[in-house]
2 protein chains.
Amino acid sequence: METLRDRKKRHTREALLRAALELFTTQGYEHTTVDEIAEAVDVSQRTFFRYFAGKEEVAFAVQEMTEALFVESVRARPAHEAPMEALRQAVLEGWEAIQETVESAVPVELYLRMYRTIESTPALLAAHLRRSVTTEETIARLLAEREGVDVDTDPRPRLAVAVFGGVMRVTERQWCAGDDFGLEAIRRLTASYLDQLGSALTGNWRAG
Amino acid sequence: METLRDRKKRHTREALLRAALELFTTQGYEHTTVDEIAEAVDVSQRTFFRYFAGKEEVAFAVQEMTEALFVESVRARPAHEAPMEALRQAVLEGWEAIQETVESAVPVELYLRMYRTIESTPALLAAHLRRSVTTEETIARLLAEREGVDVDTDPRPRLAVAVFGGVMRVTERQWCAGDDFGLEAIRRLTASYLDQLGSALTGNWRAG
DNA sequence: TTGTCAATTGTCAGCGACTGACACTAGCCT
DNA sequence: AGGCTAGTGTCAGTCGCTGACAATTGACAA
């Protein structure tokens with residue numbers, strides 16, 4: 001069961017997280033100091049660093065949940081699906097579960113604002129891309145095992161995942177730049193971009 | 001013509017760059033302080049920051065040259081080549097020019113060591129990926145213009161470049177992990193991985 | 001209930017990246 | 001030779017982050 005101490009800890013952590021995201025998305029990440037966040041929750045700066053390893057980590061706390069969820073989503077795909085098809089389905093179907101899980105931590109609207117802040121803040125974008133590399137490595141190993149190939153000698157798992165990740169990045173970027181942040185918008189965009197992959201790679205663009 | 005003042009500046013800059021890379025590659029990036037770099041060249045810390053915007057920038061000074069060279073390499077490709085073919089040729093032929101240009105700044109061997117340090121240092125890998133995004137955006141616009149499509153309405157330029165970038169990242173990673181850092185090794189690896197793209201995306205891996 | 005133990009927190013001191021302000025030095029140009 | 005200016009060093013200060021130590025507060029048994 002959950003003791004009072006645990007409840008207090010959870011409360012502090014959630015308060016720090018919410019305060020941080022709120023400040024980041026309104027004033028900007030760089031213009032927000034750790035002292036400000038700590039002060040907003042009325043704890044010392046030192047305590048902040050006991051809950052989050054750094055200013056960056058709190059910015060990705062929610063993002064982290066969605067990444068884990070995507071990995072699980074891929075793992076749960078039926079074995080008969082081809083690799084790229086499994087990734088596609090995982091992403092298209094994963095969005096709802098993601099929405100639910102996010103809401104349990106912070107308002108979805110705050111998460112979306114934070115997502116855009118990440119995309120538009122160089123330091124955060126860099127961290128986001130590096131985190132993606134880690135996730136992609138996980139998924140590459142997952143696919144390799146699933147298909148029965150060796151990830152260290154067969155480059156195809158990493159290639160497929162890298163390509164898929166690239167398409168997702170372009171999709172996310174476009175989604176952030178637009179003005180429809182609904183669930184259906186991102187799904188449409190994802191499907192559309194994945195469908196145009198072949199044409200982008202092999203086609204003669206001038207023909208169209 | 002080049003005045004004495006200019007010569008001194010160039011000398012200081014090159015000395016700082018060499019000292020920084022030398023220290024980064026031997027002691028590690030995180031374990032090297034800006035004070036150390038400045039001291040090695042016998043200038044004040046403040047002066048270091050007048051030549052480089054930050055500790056990170058000096059780490060990418062050479063990398064920056066190679067990126068610019070790659071962009072030019074793509075721009076110089078004949079108009080009849082299909083987009084992906086142009087990228088492929090640019091990268092395969094670009095390596096020699098890169099080697100020459102690098103040598104004019106620092107020993108190629110030092111550059112290669114620095115490259116591996118970047119790949120293995122989280123903070124530098126993150127910065128590297130973000131820089132790649134910038135380069136990719138430049139190339140996407142280049143390809144779009146070249147093919148006569150609008151980069152803001154047609155996703156294919158960004159998709160193609162993102163996919164190509166993804167393959168290159170996997171290639172670089174593999175190259176760094178191996179033990180043959182010669183020119184021919186990276187060229188072979190690049191060509192091989194690009195050739196396996198189709199198989200990675202559409203094939204049934206279990207068949208092979 | 002009370003006292004002990006352990007977890008949590010605040011305070012303080014300090015490092016490293018980075019910046020602005022100001023004074024000083026050294027190359028440039030007449 | 002002497003004034004002008006670009007380049008440099010020094011100093012002080014901010015911000016992210018960490019270790020050490022003391023104070024507090026919840027947990028649990030006597």
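Letters A, B, ... are given to chains in the order of the sequence lines, protein chains preceding strands, and every chain is numbered from 1.
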- [ ] Applying salt bridge (charged side-chain N to carboxylate O under 4.0 Å, His left out), name anything that partners B/Glu30, two or more places apart in sequence or on another chain.
- [x]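 Per chain and number, B/Glu30 pairs via salt bridge (charged side-chain N to carboxylate O under 4.0 Å, His left out) with no residue.
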
Task: Partner residues of B/Asp195 under the salt bridge (charged side-chain N to carboxylate O under 4.0 Å, His left out) criterion, sequence neighbours left out - done: B/Arg88

TODO: Just call it for B/Phe52: base, sugar-phosphate, or nothing, with non-hydrogen atoms closer than 4.0 Å on any strand.
DONE: nothing

Open item on the list: What I want to check is whether the side chains of A/Thr135 and A/Ser132 have a donor and an acceptor closer together than 3.5 Å.
Closed with: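 Checked: A/Thr135/A/Ser132 side chains show no N/O donor-acceptor pair below 3.5 Å.
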
Open item on the list: What I want to check is whether the side chains of A/Glu100 and A/Ser104 have a donor and an acceptor closer together than 3.5 Å.
Closed with: no

Could you tell me how far apart [X] ([atom1]) and [N] ([atom2]) are, to the nearest whole angstrom?
{"X": "B/Leu4", "N": "C/dC29", "atom1": "CG", "atom2": "C1'", "value": "14 Å"}
{"X": "B/Gln45", "N": "C/dC15", "atom1": "CD", "atom2": "C1'", "value": "12 Å"}
{"X": "B/Arg46", "N": "D/dT10", "atom1": "CZ", "atom2": "P", "value": "13 Å"}
{"X": "A/Tyr51", "N": "C/dA7", "atom1": "OH", "atom2": "C1'", "value": "10 Å"}
{"X": "B/His31", "N": "D/dC17", "atom1": "NE2", "atom2": "P", "value": "16 Å"}
{"X": "B/Arg5", "N": "D/dT8", "atom1": "CZ", "atom2": "P", "value": "10 Å"}
{"X": "B/Asp6", "N": "D/dA6", "atom1": "CG", "atom2": "P", "value": "12 Å"}
{"X": "B/His11", "N": "D/dT8", "atom1": "NE2", "atom2": "C1'", "value": "16 Å"}

Would you say [N] has OP1 or OP2 under 4.0 Å from some side-chain N or O of [X]?
{"X": "A/Lys9", "N": "C/dT8", "result": "yes"}
{"X": "B/Thr47", "N": "D/dG9", "result": "yes"}
{"X": "A/Lys8", "N": "D/dG26", "result": "yes"}

TODO: Just compare C/dA26, C/dT9, D/dC17 and give me whichever is closest to any side-chain atom of A/Phe49.
DONE: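 Of the candidates, D/dC17 comes closest.
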
- [ ] Report the nucleotide, chosen from C/dG16, D/dC15, D/dG9, that has the shortest atom-to-atom distance to any side-chain atom of A/Thr33.
- [x] D/dC15

Open item on the list: Between the base of C/dG27 and the side chain of B/Arg7, is one N or O donor paired with an acceptor at under 3.5 angstrom?
Closed with: no

Open item on the list: I'd like to know if A/Arg50 reaches the base of C/dG10 with its side chain such that a donor and an acceptor end up less than 3.5 angstrom apart.
Closed with: yes

Task: First encountered from the 5' end of DNA chain C, between A/Asp42 and B/Glu30 - done: A/Asp42

Task: Whether B/Trp175 side chain and B/Asp180 backbone form a donor-acceptor pair below 3.5 Å - done: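 Present.
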
Open item on the list: Under the side chain to side chain contact (heavy atoms under 4.5 Å, CB included) test against A/Phe24, which residue among A/Thr121, A/Ile37, A/Leu110 passes?
Closed with: A/Ile37

TODO: Kindly indicate whether the side chain of B/Arg173, heavy atoms from C-beta on, has any atom under 4.5 Å from the side chain of A/Glu137.
DONE: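 When only atoms from C-beta onward are counted, A/Glu137 and B/Arg173 do touch, with a gap below 4.5 Å.
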
Task: DNA chain D-proximal residues of residues 120-128 of chain A, any heavy atom under 4.0 Å - done: none

